[in-house]
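Notes for the one structure printed next.
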Amino acid sequence: MAPSRLTRPGWLILGVAGLVLLLFVGVPRAVRRMDFFRVSKVDVRGLANLRAADVVRVLPIPKGMNLFDDLDRVQRAADSIPGLADVVVSRRLPGTLVVTVREAPPVALVMRKGQLRLLGEDARVLPFDPTVSAPDLPIVKEADSLVTRLLARVREVDVTLFSNVVTGWRAGDDVVLAVKGQRYWFRPDAPAEVIRAVTLVAQDLDRKGRPYADLDARFAGQVVVRWGAA
């Protein structure tokens with residue numbers, strides 16, 4: 001039996017596949033040689049506390065870099081910048097690198113070498129100016145992730161309660177928050193329903209005009225009130 005010949009549709013499919021392969025391999029190489037696609041601008045988006053110049057200074061962008069060059073080194077450098085929770089490096093034609101950031105939100109202040117410094121949820125010092133960024137945050141005694149993570153959860157669940165926290169500290173394996181002269185006791189992993197329960201008890205006591213010293217939410221299913229003048 002004679003070998004079958006490739007039909008016209010078959011040749012057409014092969015031709016299209018070859019063209020796609022040529023474009024896939026050849027076009028990127030070609031555009032990398034074009035001055036039109038050289039990086040001429042870096043657009044930093046999403047900043048609230050850091051300066052764009054400080055971000056750009058860290059990025060390895062050599063002179064004459066083409067927009068279609070590999071961005072892995074730029075992305076890794078951006079990921080290493082302190083104070084950023086998330087960074088995405090992308091391209092915008094014809095010659096702009098776009099750096100979209102999400103800054104780590106500060107949750108507390110701590111005293112370091114005679115100066116107040118901002119802390120993130122993980123208790124790491126953030127490179128932001130507290131006089132500009134967040135002057136009304138709680139002041140913690142130490143950079144302790146048990147305390148800062150609980151503060152972050154309180155802010156997520158009840159912004160009003162968070163705004164009334166004056167300071168926080170670790171007490172053994174637990175966390176104490178000072179709120180308007182009272183002490184609120186929590187397990188460090190206190191869930192949202194426990195935080196809401198403390199708020200409801202505090203509101204009820206305030207309505208009744210009953211002074212108390214502590215609200216203790218470390219026990220399952222209840223909030224213990226310790227009485228006394230606030």
Side-chain angles (χ1 to χ4, degrees), residues 12-110 112-113 115-135 137 140 143-153 155-157 159 162:
L12 183 60
I13 292 171
L14 283 177
V16 171
L19 179 60
V20 170
L21 180 62
L22 178 64
L23 291 173
F24 181 78
V25 174
V27 170
R29 292 180 179 178
V31 297
R32 287 192 185 109
R33 299 190 185 99
M34 297 175 63
D35 291 342
F36 183 70
F37 295 110
R38 284 185 180 177
V39 175
S40 58
K41 180 182 178 182
V42 180
D43 183 10
V44 184
R45 301 175 176 179
L47 291 178
N49 300 295
L50 290 175
R51 297 184 306 170
D54 295 332
V55 173
V56 174
R57 191 178 300 115
V58 176
L59 305 180
I61 303 174
K63 184 177 180 180
M65 177 180 178
N66 189 282
L67 192 65
F68 291 94
D69 287 346
D70 189 359
L71 296 182
D72 285 350
R73 288 183 64 242
V74 180
Q75 182 67 62
R76 287 195 299 270
D79 289 337
S80 71
I81 298 174
L84 298 184
D86 188 54
V87 192
V88 176
V89 180
S90 58
R91 303 173 175 92
R92 187 175 72 233
L93 296 175
T96 301
L97 279 182
V98 179
V99 183
T100 305
V101 310
R102 180 173 61 85
E103 293 180 350
V107 298
L109 292 156
V110 68
R112 285 282 181 87
K113 298 180 180 180
Q115 293 184 331
L116 285 173
R117 304 295 301 274
L118 289 164
L119 295 178
E121 181 178 345
D122 58 1
R124 294 183 183 181
V125 174
L126 301 175
F128 309 149
D129 183 354
T131 63
V132 175
S133 306
L137 289 173
V140 297
D144 189 325
S145 61
L146 251 65
V147 179
T148 53
R149 287 196 177 102
L150 178 65
L151 284 170
R153 198 172 309 118
R155 181 169 61 183
E156 181 181 346
V157 173
V159 175
F162 178 79

Test of understanding: with side chain to side chain donor-acceptor pair (under 3.5 Å), list the residues that count as partners of R112, not counting sequence neighbours. none
Looking only at non-hydrogen atoms, find the nearest pair between [X] and [Y] and report the distance.
X: V74; Y: P60; answer: CG2-O, 3.8 Å
X: S145; Y: A123; answer: N-CB, 3.5 Å
X: A143; Y: V110; answer: N-CG2, 4.0 Å
X: P94; Y: L67; answer: O-CD2, 3.5 Å
X: V99; Y: V42; answer: CG2-CG1, 4.0 Å

Quick check: do V147 and L151 have side-chain heavy atoms less than 4.5 Å from each other?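 Touching, per the 4.5 Å side-chain cut-off.
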Between L93 and F68, is any pair of side-chain heavy atoms under 4.5 Å apart?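 Yes, close enough: below the 4.5 Å cut-off.
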How far does [atom1] of [X] sit from [atom2] of [Y], to the nearest 0.5 angstrom?
X: L137; Y: T148; atom1: CG; atom2: OG1; result: 12.0 Å
X: Q115; Y: L109; atom1: CD; atom2: CG; result: 12.5 Å
X: R38; Y: N66; atom1: CZ; atom2: CG; result: 8.5 Å

Exam field: side chain Q75 to backbone S90, donor-acceptor pair closer than 3.5 Å: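 Pair absent, no side-chain N/O of Q75 close to backbone of S90.
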Does R155 reach the main-chain N or O of F162 with its side chain, forming a donor-acceptor pair under 3.5 Å? no
Among residues at least two apart in sequence or on other chains, which ones pass side chain to side chain contact (heavy atoms under 4.5 Å, CB included) with K41? R92, T96
What residues form a side chain to side chain contact (heavy atoms under 4.5 Å, CB included) with E103, not counting sequence neighbours?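 Per chain and number, E103 pairs via side chain to side chain contact (heavy atoms under 4.5 Å, CB included) with L47, A48, N49, L50, L84, F128.
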With sequence neighbours left out, write down each residue that passes salt bridge (charged side-chain N to carboxylate O under 4.0 Å, His left out) with R124, or none if nothing qualifies.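 With neighbours one apart ignored, the set is D122.
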Which residues satisfy the salt bridge (charged side-chain N to carboxylate O under 4.0 Å, His left out) test with R45, sequence neighbours excluded?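 Scan of R45 (salt bridge (charged side-chain N to carboxylate O under 4.0 Å, His left out), adjacent residues dropped) gives D43.
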Verdict with supporting geometry, I81 and V87, side-chain contact (heavy atoms from CB on, under 4.5 Å): CA-CA 9 Å; I81 298 174; V87 192; 5.9 Å; no
Using the side-chain contact (heavy atoms from CB on, under 4.5 Å) rule, take V125 and L119 through it: C-alpha gap first, then chi angles, then the decisive distance, then the call. CA-CA 5 Å; V125 174; L119 295 178; 3.8 Å; yes
Quick note, salt bridge (Lys or Arg N to Asp or Glu O under 4.0 Å) partners involving residues 74-86, not counting sequence neighbours, are none
List the steps and the verdict of side-chain contact (heavy atoms from CB on, under 4.5 Å) for V107 and R153. CA-CA 10 Å; V107 298; R153 198 172 309 118; over 6 Å; no
